[in-house]
2 protein chains.
Amino acid sequence: MSDDLFVIRRAALFANLLPEDLRLLLKNARIIRFKAHEQIFAAGAQAAALYFLVSGSVRLFSLSSQGDEKVIEVIMPDATFAEGVVFLGGRYPVHAAAVTDSEVVELATHHFSSILANNHDMAMRMLAGLSTRVHQLIQDVASLTLETAGQRVAGYLLSQCSPTCGNEAIHMVIPKNVVASRIGVKAETFSRVLATLRGRELIRVTGNDIHVLDRDALMRWRDGVERT
Amino acid sequence: MSDDLFVIRRAALFANLLPEDLRLLLKNARIIRFKAHEQIFAAGAQAAALYFLVSGSVRLFSLSSQGDEKVIEVIMPDATFAEGVVFLGGRYPVHAAAVTDSEVVELATHHFSSILANNHDMAMRMLAGLSTRVHQLIQDVASLTLETAGQRVAGYLLSQCSPTCGNEAIHMVIPKNVVASRIGVKAETFSRVLATLRGRELIRVTGNDIHVLDRDALMRWRDGVERT
DNA sequence: CGTGTTGTTGACTCAATTCAAGAAGTGTGG
DNA sequence: CCACACTTCTTGAATTGAGTCAACAACACG
């Protein structure tokens, strides 16, 4: 049962946790499905749980006195939400509702907090996970503002084949348009970049697999700004 | 002495801490000045401290066996670095060196960890701070990829006058070019956007003060994509 | 009163998006 | 097995947002 709940490791908060930590946390966790527009929690309510979004999308918003709504944030899959307020033990500052049909993992505050209170190391691993994520995101912001689309694509390819360290193929599990948006380019641009890289024989594309043929050249291409 | 050390609150990690928390943490803290290119710590060394950068800039990098250097990250003021490894209690995975003359606050690992171990609430406040920062950064990434420069500028102005909730002036303490780069536009573009907003009488600029004349119109301008 | 810094404005360029059409691959049912 | 619809991907042409380069204005400061 709690085995597929391990998806929560994709959230920075849980990324560094040990299997036993996760098992403990997930003891009382449950998956809840919300239909589009269904409310998940209301602003002002005592924060009873934090959430991990498995699929779908969730809107955090507040309502003005006139009743019009201001969207604060849109949560996408693999992210946690309402965790901040759980750490501080207060009330939800915003409303949350599903935008599209969504699946969430719900972790009860009292359970979560009491585990954390008795497990200092786990708290440290969470801090480490979040702080890694902060650094990653700062990198992303930097790369969005001062790298070209081509450089970001090259960087992505390198990051994907870096662990296998050489001439292995990158198998694209996720559709290319999703990868494209992940690195901040349109699908068309992504396609074009792959085309020029293919032309320069830095990579070979076969179906959903991308082979990096010349890692060093690709790195040079990413760093230098050669045209043609 | 430890009073000006309170600048560390600018880091997400410390943003939520109580004054007494900070005082406790800063007991053994010290400010260290590094000249450009001076080493701060070496990869492989036991992580003895975490750092907060007050001014200057710091380079985190690793060295390949061939001796060439790969820059992992460039730390800018108000950020912490090496905090992740301190939470996990290991060795520094990278080298750190000042790029330009820099001031850092150094917090010794053993001191930091022992305080945190005895102060569960403080750990929770740190988690809350980091998680807020993560959400902020995700917002920033979103706004960089799917808003225009004009929208970001408008959003910035609104965020600055939102608390004072109306017709107060925003006093720009920081130079405009810094603000510009903060929101991901060139200084010239920033200037141009202010010019068009001035032309439309949504704002008035006098020296370093910017008055938002019509909040609602500015919001509409940010959301809608009207030209001219 | 020059000298340096910061901000403004104009003309030009280019990277990346948009729009649009077509190719390639995937699955369904007759 | 083919025909059909459907999604994903690729490619082309036109457009544009924002950056670059460069000149200049506005100001501060010694």
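Letters A, B, ... are given to chains in the order of the sequence lines, protein chains preceding strands, and every chain is numbered from 1.
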Are more than 12 heavy atoms from other residues, nucleotides or ligands located less than 6.0 Å from atom CZ of A/R10? no
When you get a sec, tell me which of D/dG19, C/dA16, D/dT11 is the closest nucleotide to the side chain of B/K186? D/dG19
Under 3.5 Å, is there a donor-acceptor pair between the side chain of A/D78 and the main chain of A/A11? no
Is any side-chain N or O of B/T189 closer than 4.0 Å to OP1 or OP2 of D/dG19? yes
Name the nucleic acid region contacted by A/A195, choosing base, sugar-phosphate or nothing; use a 4.0 angstrom heavy-atom cut-off, strictly under. sugar-phosphate
Is any side-chain heavy atom of A/E83 less than 4.5 Å from a side-chain heavy atom of B/L130? no
To the nearest angstrom, the CG-P distance between B/L194 and C/dT6 comes to 17 Å
Here's a test of your reading of the structure: between A/E147 and B/F190, which maps to the more 5' nucleotide of DNA chain C? B/F190
For B/R198 and C/dT8, what is the distance between atoms CZ and P respectively, to the nearest whole Å? 7 Å
Whole angstrom is fine here: how far is it from CG in A/N208 over to P in C/dA24? 16 Å
Is any side-chain nitrogen or oxygen of B/K176 closer than 4.0 Å to OP1 or OP2 of C/dT8? yes
In 5'-to-3' order, the base (B), backbone-only (S) or no-contact (-) status of each nucleotide in nucleotides 25-30 of chain D, using a 4.0 angstrom heavy-atom cut-off, is ------
Considering the terminal five base pairs at each end of the helix from C/dC1-D/dG30 to C/dG30-D/dC1, what angle separates the two local helix axes, rounded to 10°? 30°
Nearest-neighbour nucleotide for the B/N177 side chain, D/dT10, C/dT6, D/dC9 considered: C/dT6
Show me the side-chain donor-acceptor pairs of residues 182-192 of chain B shorter than 3.5 Å, one per line, residues at least two apart or across chains.
none

Let's go through A/R215 and A/M219 carefully: what are the C-alpha distance in whole Å and the side-chain angles of both, what is the deciding distance for side chain to side chain contact (heavy atoms under 4.5 Å, CB included) to 0.1 Å, and is it a yes or a no? CA-CA 6 Å; A/R215 252 183 134 256; A/M219 289 181 66; 4.3 Å; yes
Can you see which heavy atom on B/A98 is nearest to which on B/I40, and at what distance? N-CD1, 4.0 Å
By side-chain hydrogen bond (donor to acceptor under 3.5 Å, both in side chains), A/E69 pairs with (sequence neighbours left out) A/R59
Nucleotide C/dA16, atom C1' - distance to CD of A/Q151 in whole Å: 14 Å
Closest approach of A/I72 and B/Q139, non-hydrogen atoms and distance? O-NE2, 2.9 Å
Could you list, one pair per line, each protein nitrogen or oxygen that sits under 3.5 Å from a nitrogen or oxygen of nucleotides 10-13 of chain C, together with the distance?
{"from": "C/dG10", "atom 1": "N7", "to": "B/R192", "atom 2": "NH1", "distance (Å)": "3.0"}
{"from": "C/dG10", "atom 1": "O6", "to": "B/R192", "atom 2": "NH2", "distance (Å)": "3.4"}

All side-chain hydrogen bond (donor to acceptor under 3.5 Å, both in side chains) counterparts of A/H95, not counting sequence neighbours: none
Where B/A49 and B/A82 come nearest, the two heavy atoms and their spacing: O-CB, 4.1 Å
Short question: side chain of B/R204, backbone of B/L213 - any donor-acceptor pair under 3.5 Å? no
Whole-Å distance separating the CG atom of A/L146 from the P atom of C/dA15: 16 Å
Kindly say whether the aromatic ring centers of B/F14 and B/F52 come within a distance under 6.0 Å. no
For the pair made of CG in A/D209 and C1' in D/dT8, what is the distance, rounded to whole Å? 16 Å
